[in-house]
Student: 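Right, I'll just put the structure down here and ask away after.
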Number of protein chains: 2
Amino acid sequence: MSKYSKQTRFLVAIDCIIFGFDGENLRLLLIHRGMEPEKNKWSLMGGFVQPDESTDDAAARILKQLTGMEGVYMEQLRAFGDPKRDPIERVISLGYSALVDIHKYKEQLSDEFQPEWFLLKDMPDLIFDHQEMVQAALKNLRYKAALHPILFELLPEKFTLPQLQSLYTGVYDAEFDKRNFSRKVLSTGLLIRQKEKDKENSKKGAFYYILDKSKYKDKFQSFLNFVPNPDNFLF
Amino acid sequence: MSKYSKQTRFLVAIDCIIFGFDGENLRLLLIHRGMEPEKNKWSLMGGFVQPDESTDDAAARILKQLTGMEGVYMEQLRAFGDPKRDPIERVISLGYSALVDIHKYKEQLSDEFQPEWFLLKDMPDLIFDHQEMVQAALKNLRYKAALHPILFELLPEKFTLPQLQSLYTGVYDAEFDKRNFSRKVLSTGLLIRQKEKDKENSKKGAFYYILDKSKYKDKFQSFLNFVPNPDNFLF
DNA sequence: CCAAAAGTGTTATTTATACACCCATGC
DNA sequence: GCATGGGTGTATAAATAACACTTTTGG
């Protein structure tokens with residue numbers, strides 16, 4: 001069959017907005033851009049879609065290339081399609097937002113990119129429209145996390161309620177009442193308390209919890225209202 | 001400056017998922033596809049992104065081409081990037097979801113495409129992955145409308161509460177209690193009651209309402225919980 | 001006068017919020 | 001024994017859900 005011969009073709013890229021949580025703060029993984037223009041400036045990890053891979057596959061490939069991680073939570077944000085967003089040549093970029101357990105991240109794999117985990121408050125200037133992508137991803141993260149149990153993707157298998165709460169605190173840059181927070185979280189039935197405690201962060205020690213995986217899958221899309229008055233935080 | 005010369009370029013298309021409300025039911029605007037392959041089969045309105053337009057501009061252009069309408073509510077859904085989704089050649093398509101006032105739609109403009117407004121329940125087979133796009137758009141619409149006052153985009157300037165309720169009924173394919181519904185809707189403060197009534201649909205007549213435009217803009221992103229137990233409807 | 005759709009109010013239940021004290025431990 | 005952070009309970013307010021009768025009017 002013939003092709004759509006008269007139409008213009010475009011470069012299509014993926015840019016990954018990769019979030020992690022260090023136990024205290026939300027962080028974003030950035031790299032030194034390896035190619036001109038703006039070589040060595042800070043940038044999101046990205047790459048071009050290849051001829052025979054789906055855009056989702058491309059995103060997974062690019063994430064793996066940087067982090068060594070597979071099977072990570074990732075969702076497409078949207079296309080960024082301003083014709084002038086890349087000064088070299090028009091590139092339509094698909095933003096993909098990823099949530100990773102920062103502790104599973106393998107530093108050594110990615111010497112080539114000299115990646116660093118930046119605090120959100122503390123980000124360098126980024127190339128092109130990457131700042132806009134980060135803002136869109138953060139907004140989306142806050143939106144989703146207010147309604148769905150998505151932030152667990154950022155935690156290790158075992159975690160404590162104080163850790164979970166400080167994750168929410170970091171994401172929303174707001175304090176929550178710990179009594180109400182723990183009641184709400186536990187009422188979802190998603191968490192299973194372990195017998196061991198984390199004694200590293202306090203003398204008394206805080207119980208570890210793990211996710212009930214099957215309930216997590218079931219309820220992943222439910223409206224759970226983790227955040228009181230989400231209006232206050234999102235806009 | 002040189003280009004990213006070694007990379008493959010792709011066709012990038014827009015496909016518009018256009019919703020309307022006829023006063024009774026939610027409908028979708030489909031066309032007869034004008035080009036091979038699958039010429040004359042039913043399809044979403046689409047077209048290729050052009051060299052110097054943003055993807056958002058392309059979507060607006062394509063919507064206007066079919067409906068004659070501008071300034072319509074439109075949002076990008078996501079990219080559909082399966083390499084085999086179009087059998088002729090790889091095309092990465094961006095789905096854009098539009099909500100239009102079906103009464104402002106100008107039939108005559110679009111003879112070329114022989115468009116028709118289909119009931120959702122009653123849709124023909126569509127080309128490529130357009131069915132998947134429609135499902136994604138519908139899911140997104142239900143999701144958003146459960147939280148935000150988005151369905152007003154489908155109504156004419158003046159509308160009655162029974163009309164509004166039947167819109168929600170149509171979108172969710174579910175009945176709502178009219179006492180609770182009207183209390184909830186009016187409590188948002190978004191509606192201004194008019195002095196006239198619509199006497200076409202009942203003997204008693206139902207008051208017309210209009211949107212308070214400034215409050216609408218303010219509250220567009222607020223969480224208003226229009227739909228009770230949205231979990232029940234979305235998944 | 002009656003059928004048909006519009007409009008409105010109350011109560012019970014659930015959910016959200018605000019708030020303060022005791023517990024366990026390492027030092 | 002005390003400072004530190006972990007853990008829990010209760011009372012009030014607000015939101016939601018369930019439910020039924022009156023009003024208007026065209027025919």
Side-chain angles (χ1 to χ4, degrees), chain A residues 23-24 146-147 149 155 158-170 172 174-210 219 222-233, chain B residues 23-24 146-149 155 158-170 172 174-209 219 222-233:
Chain A
E24 298 243 326
L147 300 169
L155 292 171
K158 296 193 308 186
F159 52 86
T160 67
L161 288 184
Q163 279 166 9
L164 183 64
Q165 184 169 350
S166 87
L167 172 54
Y168 277 83
T169 301
Y172 291 99
E175 296 298 328
F176 302 101
D177 181 275
K178 73 176 165 174
R179 290 159 292 188
N180 293 339
F181 182 83
S182 87
R183 182 165 348 105
K184 199 173 251 190
V185 168
L186 294 175
S187 76
T188 63
L190 292 173
L191 300 190
I192 304 171
R193 194 166 93 171
Q194 304 302 100
K195 286 177 183 152
E196 320 91 86
K197 284 183 164 186
D198 162 36
K199 308 276 288 186
E200 300 210 350
N201 296 298
S202 75
K203 295 162 188 170
K204 184 175 178 182
F207 283 107
Y208 281 116
Y209 287 81
I210 59 169
K219 294 204 174 180
S222 302
F223 284 72
L224 296 176
N225 271 80
F226 282 105
V227 174
N229 294 317
D231 287 4
N232 299 346
F233 303 116
Chain B
E24 299 243 325
L147 300 169
H148 308 293
L155 292 170
K158 297 192 307 185
F159 53 86
T160 67
L161 287 184
Q163 278 166 10
L164 183 63
Q165 184 170 348
S166 87
L167 172 54
Y168 276 82
T169 301
Y172 292 99
E175 296 299 327
F176 302 101
D177 180 275
K178 74 176 166 174
R179 291 160 291 189
N180 294 338
F181 182 83
S182 85
R183 183 167 344 102
K184 197 172 253 188
V185 167
L186 294 175
S187 76
T188 64
L190 293 172
L191 299 190
I192 304 171
R193 193 167 93 171
Q194 304 302 101
K195 287 179 181 148
E196 326 90 74
K197 285 182 163 186
D198 162 37
K199 308 276 288 185
E200 300 209 350
N201 297 298
S202 74
K203 294 162 188 168
K204 185 176 178 181
F207 282 107
Y208 280 117
Y209 287 81
K219 294 202 174 181
S222 301
F223 284 73
L224 296 175
N225 271 81
F226 283 104
V227 174
N229 294 317
D231 286 4
N232 299 344
F233 303 117

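Per chain, numbering begins at 1; letters A, B, ... match sequence-line order.
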Student: State, yes or no, whether a side-chain contact exists between Phe159(B) and Leu191(B) at a heavy-atom distance under 4.5 Å.
Tutor: yes
Student: Could you tell me how far apart Lys178(B) (NZ) and dT23(D) (P) are, to the nearest whole angstrom?
Tutor: 14 Å
Student: Within the structure provided, determine whether Leu147(B) and Leu147(A) are in side-chain contact (heavy-atom separation under 4.5 Å).
Tutor: yes
Student: Measure the distance from CZ on Phe207(B) to P on dA6(C) and round it to the nearest whole Å.
Tutor: 13 Å
Student: Starting at CG of Leu186(B) and ending at P of dA6(C), how long is that distance when rounded to a whole Å?
Tutor: 14 Å
Student: Parallel, tilted or perpendicular: which fits the ring planes of Tyr172(B) and Phe176(B), with parallel below 30° and perpendicular above 60°?
Tutor: perpendicular
Student: Output the rounded distance in Å from OH (Tyr208(A)) to C1' (dG7(D)).
Tutor: 17 Å
Student: Whole angstrom is fine here: how far is it from CG in Asp177(A) over to C1' in dG9(D)?
Tutor: 12 Å
Student: Roughly how far apart are Thr169(B) OG1 and Glu24(B) CD, rounded to 0.5 Å?
Tutor: 11.0 Å
Student: Does the side chain of Leu161(A) reach to within under 4.5 Å of the side chain of Phe207(A), using non-hydrogen atoms?
Tutor: no
Student: So which of Glu196(A), Glu200(A), Gln194(A) actually passes side chain to side chain contact (heavy atoms under 4.5 Å, CB included) with Asp198(A)?
Tutor: Glu200(A)
Student: Measure the spacing between CD of Gln165(A) and CD of Glu175(A) and express it to the nearest 0.5 Å.
Tutor: 7.5 Å
Student: Quick check for you: to the nearest 0.5 Å, what is the distance between Gln163(B) atom CD and Tyr208(B) atom OH?
Tutor: 6.5 Å
Student: Rounding to a whole Å, what distance do you find between Phe176(A):CZ and dT17(C):C1'?
Tutor: 14 Å
Student: Rounded to whole Å, please give me the gap between CZ in Phe181(A) and P in dG7(D).
Tutor: 12 Å
Student: Please state whether the base of dA18(D) and the side chain of Arg179(B) form at least one donor-acceptor pair under 3.5 Å?
Tutor: no
Student: Between N or O atoms, less than 3.5 Å apart, protein on one side and nucleotides 10-15 of chain C on the other: list the pairs.
Tutor:
{"from": "dT10(C)", "atom 1": "O4", "to": "Arg183(B)", "atom 2": "NH2", "distance (Å)": "3.3"}

Student: What is the distance, to the nearest angstrom, from the CD atom on Gln163(A) to the C1' atom on dG7(D)?
Tutor: 16 Å
Student: Listed in order of residue number, which residues of residues 188-206 of chain A have a non-hydrogen atom at under 4.0 Å from DNA chain C?
Tutor: Lys199(A), Lys203(A), Lys204(A)
Student: What are the two closest heavy atoms between Ser166(B) and Gly23(B), and how far apart are they?
Tutor: OG-O, 3.3 Å
